[in-house]
2 protein chains.
Amino acid sequence: MVKRQARGRQRIAEILDAALALFAETGYDRTSTNAIAARAGISPGSLYQYFPNKEAIADALSERLLGELREAHAAAFDDSAVAGLPLPDLVSRVVDPLVFFHVANPGAKVLIGEKGQPLHTGVTDRVGALLRARSPHLPDDDVRRTSTVAVQIVAALMGGIVAAPEPERAALVQELKRALTGYLAPPGGL
Amino acid sequence: MVKRQARGRQRIAEILDAALALFAETGYDRTSTNAIAARAGISPGSLYQYFPNKEAIADALSERLLGELREAHAAAFDDSAVAGLPLPDLVSRVVDPLVFFHVANPGAKVLIGEKGQPLHTGVTDRVGALLRARSPHLPDDDVRRTSTVAVQIVAALMGGIVAAPEPERAALVQELKRALTGYLAPPGGL
DNA sequence: CGACAATACGAGCGACCGCTCGTATTAGTC
DNA sequence: GACTAATACGAGCGGTCGCTCGTATTGTCG
């Protein structure tokens, strides 16, 4: 790792911005590294001064988005009151900032769906912790499975939500909440 | 369209078999047409005797899978008794053959998730018809939205189900059923 | 200023992609 | 067997991809 100057840190941010925009427009596979460099206003060579390969760009972007998501979700997750909240309220509290985040960052969805991406595992872990807090006696396997499934449902519907124009979007958010509430409510749930 | 001999029809089937296997292993984008030809035991030139381009292979495969899925689902969908079945029973009746189908045809999942693929629209339409049968007074928009969301939930979880080894797979199928039942049960649902 | 590291450039490499085309072989029909 | 259409081949074209490398410029620090 080399010593970054202020200019270098700025470049990294610009590269991630460009990658995020292009991922949203055309997906990960179909976005070339040369296109990322061009969008960021630099040459391909300069891009590779900061990232060893394309995957590293996705990883770094994933980390940055996870950080931003953590901030946006601080209130929803960290409040210890969540343990006693009615389920529909809890779902809204988690989903609303998440939708806002994805609308503000289209392109995040192509990263959150990928297993192994920090953004994916990070979100899943946080949901798991929340489940744990509400159902302390649930076996580990059930917690893992339930949080994984919940995240997959969110990821599956988020694309349509982000893409929809406004009257339809609100309806789809409502559907997402109904799906999560319905899934989490029954017997073993919370 | 040229006149196909028996050998030609056989080749088409072999090409689709090869494509299905490779799509399951490495996904659509990362599967090359030369690889499909090689797996089918023919040359790239021969492949293009039967399909004008890569997309046409996916389309034809999608059509074939939709046909097979229709057969597997005939009992679940066409029986007029579905109108009065308890929701959990109905969900099982639809989900179980679907899981069986996807386990037998891994690779179908990369096609069912794609909007515009016959496999996707075909399944969504059938679910919509089923909703209509159970809730005749539901507005068209709600039917469309609900069936779309239900299909997206299934598509999202199916990948994990197919990939999981057997004790875990059954648990995940159970989760899928819980999710669908929970989603479809509430107020406006069926 | 001089020395060194960080930043920047962009032509282009090697690999792979979807696909073509000239040619050879095989099967159906009389 | 002769003729035709269907089938089969595979080297390779034009293009894109991720990425490199030699070189030039800019910033930091003594």
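A, B, ... follow the sequence lines: proteins, then strands. Residue 1 opens every chain.
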Inset, instruction - Could you pick out which residue, A6(B) or N53(B), lies toward the 5' side of DNA chain C when each is mapped onto its nearest nucleotide? - result: N53(B)

Legend entry - Side-chain donor-acceptor contact under 3.5 Å, T31(B) with T26(B): yes

Legend entry - Gap between atoms CZ and P, on R9(A) and dA8(C) respectively (whole Å): 13 Å

Inset, instruction - Please report, rounded to the nearest Å, how far the P atom of dA8(C) is from the CD atom of Q10(A). - result: 10 Å

Legend entry - T121(A) side chain to T124(A) side chain, donor-acceptor N/O pair below 3.5 angstrom: no

Legend entry - Atom-pair distance (CG on L47(A); C1' on dC21(D)), nearest Å: 15 Å

Inset, instruction - Could you please name the option among dT7(D), dG10(C), dC19(C) that lies closest to any side-chain atom of Q49(B)? - result: dT7(D)

Legend entry - Pair of N/O donor and acceptor under 3.5 Å linking dG10(C) base with S43(A) side chain: yes

Inset, instruction - Please determine, for the side chain of Y48(B), which listed nucleotide (dT28(D), dT20(C), dG10(C)) has the closest atom? - result: dT20(C)

Legend entry - Side-chain-base donor-acceptor pair under 3.5 Å for N34(B) and dC19(C): yes

Inset, instruction - Would you tell me if any nitrogen or oxygen in the side chain of S46(A) comes within less than 4.0 Å of OP1 or OP2 on dC9(C)? - result: yes

Legend entry - Residues D89(B) and K177(B) bridged, charged N to O under 4.0 Å: no

Legend entry - Between P of dA8(D) and CZ of F51(B), the distance in whole Å: 13 Å

Inset, instruction - State whether R7(B) places a side-chain N or O below 4.0 Å from either non-bridging phosphate oxygen (OP1 or OP2) of dA27(C). - result: no

Inset, instruction - Please say whether more than 12 non-hydrogen atoms of neighbouring residues, nucleotides or ligands are located less than 6.0 Å from CD in E166(A). - result: yes

Inset, instruction - From the options dT20(C), dA8(C), dA8(D), select the nucleotide whose nearest atom is closest to the side chain of P44(B). - result: dT20(C)

Inset, instruction - Measure from CZ on R11(A) to C1' on dG27(D) and round the result to the nearest Å. - result: 14 Å

